[in-house]
Amino acid sequence: MIPIRSPYSYYFWIIGSLKSMLGLLGFQVVGLGPVGAPFDVKFSIVKWIQTEDFLKFVVLEVKGIYTTPEEFEQGTEEYDKKNFYYDLDAEEIIRMSERNDAMGKEYVFIVLPRYYENTFDPLAVVFSVFVSPKNLLGKLSSEKRWYSYEDLLRGFTYYTFSAFIKALYRCKIGLGKEHIMRLLSERGITPSYPSLITLFNDIGGEKKALRVGIVLNFTKRCAMLLAISKDYYSSYAASQ
C-alpha cells in the first residue's frame, strides 16, 4: 500500500484542527510542541491537579490513509474511497484496549481520517472518526494488516468530533483528575512537570505511534495538547 499523504502530516493536521475547534468552543489552547516545552503558569497541569477544577485527559492515536499502487499510479486528483486503507496492528490495538481496561475508563482512542483533500485540513477532526480500541477488535485479525475504509467503518459505532467532546464532558470517556493521580502514584512519582512529562511520554506507547495527549480543563476553559509520538521517522523508514 502507498500513503496518499504522509501519515505524519495527518497527525499535525489533526493537532492543528483540534486547536482551532477547541478555540471555537471557547477554550484557550497551548502546547503545540514536544512534551517538555515550557508552558505559561496559567496552563500548569500541576496547579490544575491541586484545585477542584474539572479535568479530563485523553490520548489519540492518528492513522494515515493508504491506497493501492494501481490507484495511486493513476495520478488523478480524485481517489476512490473504496480503495482507502488503514494500517492496523491487532496486537497493538489489544494493548491499547488493555490500557483502557486497566484504568476502568476509555481514554486511548484511534483517529481515522476520512479525507485526503488539503482543502479540508483545517477541519481534519470533523472529517475523521474517533474509535474505541475495544470496539475495533471485533473487526481485526492477527493475520491481517490492511483494512479498507468500507469494511472497517460499515455498520460500526464510532464517535464524531462533537459526540467525542460531549462524551468527555459527560464523563463517559477520558480520565479525570483522580485517574491522573492514580497513574502517577502507580509509578511512585508526585505531580510535577518532570513526572508528568514522563507519564505522558510513557503513554506514547508503540514505536510507530503518532499520538497526541489532550488535557482539558472544563472549569477554566483551557486545554493543553501534548505531542507524544515516538521515533516515527526512523521506524517508518525502516518499514519501507
Side-chain angles (χ1 to χ4, degrees), residues 9-63 100 103 105-115 117-132 157-181 183-184 191-193 196-197 199-200 203-204 210-229:
S9 296
Y10 275 108
Y11 173 65
F12 285 108
W13 290 318
I14 291 290
I15 291 177
S17 184
L18 277 169
K19 183 178 181 183
S20 297
M21 296 303 291
L22 288 172
L24 289 175
L25 292 172
F27 283 84
Q28 189 175 358
V29 187
V30 297
L32 288 177
V35 170
F39 299 110
D40 188 281
V41 69
K42 290 182 293 184
F43 292 88
S44 168
I45 301 174
V46 176
K47 289 193 174 183
W48 290 353
I49 289 175
Q50 294 169 346
T51 67
E52 296 302 315
D53 292 353
F54 175 27
L55 306 183
K56 295 308 289 286
F57 172 57
V58 287
V59 176
L60 305 177
E61 176 164 329
V62 183
K63 299 294 184 180
N100 288 337
M103 293 305 297
K105 274 281 188 181
E106 288 194 307
Y107 73 104
V108 183
F109 289 84
I110 301 158
V111 180
L112 301 176
R114 297 187 293 176
Y115 79 102
E117 306 94 328
N118 56 13
T119 299
F120 301 117
D121 290 345
L123 296 172
V125 293
V126 176
F127 289 99
S128 300
V129 299
F130 297 73
V131 179
S132 158
T157 301
Y158 51 77
Y159 288 101
T160 60
F161 176 69
S162 58
F164 186 77
I165 294 297
K166 282 184 180 179
L168 277 173
Y169 183 73
R170 293 172 179 169
C171 294
K172 293 182 178 180
I173 60 175
L175 301 185
K177 182 165 55 178
E178 67 281 3
H179 292 101
I180 296 174
M181 290 298 294
L183 284 171
L184 291 170
S192 67
Y193 282 118
L196 286 168
I197 291 167
L199 171 63
F200 296 139
I203 292 172
L210 293 171
R211 294 183 178 174
V212 55
I214 309 172
V215 183
L216 290 163
N217 186 325
F218 284 97
T219 303
K220 289 186 170 62
R221 305 296 285 181
C222 294
M224 186 178 291
L225 306 182
L226 301 159
I228 50 179
S229 60

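Note that NZ of Lys19 and CD1 of Ile214 are 13.5 Å apart. Values are rounded to the nearest 0.5 Å. For the atom pair Met103 CE and Ile180 CD1, the distance stands at 9.0 Å (nearest 0.5 Å). Here Ile14 contributes atom CD1 and Ser9 contributes atom OG; the two are 11.5 Å apart, rounded to the nearest 0.5 Å. Atoms CZ and CG, from Phe12 and Asp121 in turn, are 13.5 Å apart once rounded to the nearest 0.5 Å. To the nearest 0.5 Å, the span separating CD on Glu61 from CD1 on Ile110 amounts to 6.5 Å. Gln28 CD to Arg221 CZ: the interatomic distance, rounded to the nearest 0.5 Å, is 12.0 Å.
Within 6.0 Å of CD on Glu52 lie no more than 12 heavy atoms contributed by other residues, nucleotides or ligands.
Judged by distance alone, with hydrogens and angles left aside, the side-chain atoms of Asn217 form no donor-acceptor pair with the main-chain N or O of Cys222 at under 3.5 Å. Judged by distance alone, the side chain of Arg211 and the main-chain N or O of Val108 form no donor-acceptor pair under 3.5 Å. Using a distance-only test at 3.5 Å, with no hydrogens or angles considered, no donor-acceptor pair links the side chain of Asp53 to the main chain of Leu55. Distance alone, capped at 3.5 Å, places no donor-acceptor pair between the Lys63 side chain and the Leu112 backbone. Within the 3.5 Å criterion, the main-chain N or O of Pro122 finds a donor-acceptor partner in the side chain of Ser17.
Of all heavy-atom pairs spanning Phe54 and Leu168, the tightest one is CZ-O, 4.3 Å. For the residue pair Leu18 and Phe161, the shortest heavy atom distance occurs at CD2-CE1, 3.8 Å. Contact detail for Tyr115 and Ala124: the closest heavy-atom pair is OH-CB, 3.5 Å.
In this structure, the side chains of Phe27 and Phe218 come closer than 4.5 Å at one or more pairs of heavy atoms. Here the side chains of Leu60 and Phe130 are in contact, with some heavy-atom distance below 4.5 Å. Counting heavy atoms from C-beta outward, Val111 and Val129 have side chains that stay 4.5 Å or more apart. At a threshold of 4.5 Å between non-hydrogen side-chain atoms, the residues Val131 and Phe109 do not count as touching. No side-chain heavy atom of Trp48 sits under 4.5 Å from any side-chain heavy atom of Lys177.
Taking the centre and axis of the six-membered ring of Phe127, the NZ or CZ atom of Arg114 falls outside the cone set by 45° and 6.0 Å.
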Start with the C-alpha distance between Leu216 and Leu22, add both sets of side-chain angles, then the distance that settles side-chain contact (heavy atoms from CB on, under 4.5 Å), and finish with yes or no. CA-CA 10 Å; Leu216 290 163; Leu22 288 172; 4.0 Å; yes

Give the intermediate values and the outcome of side-chain contact (heavy atoms from CB on, under 4.5 Å) for residues Tyr159 and Ile173. CA-CA 11 Å; Tyr159 288 101; Ile173 60 175; 3.5 Å; yes

Show your working on side-chain contact (heavy atoms from CB on, under 4.5 Å) between Val126 and Met21 and close with a plain yes or no. CA-CA 9 Å; Val126 176; Met21 296 303 291; 4.0 Å; yes

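Ring centroids of Phe164 and Tyr169 are separated by 6.0 Å or more, keeping the two rings apart.
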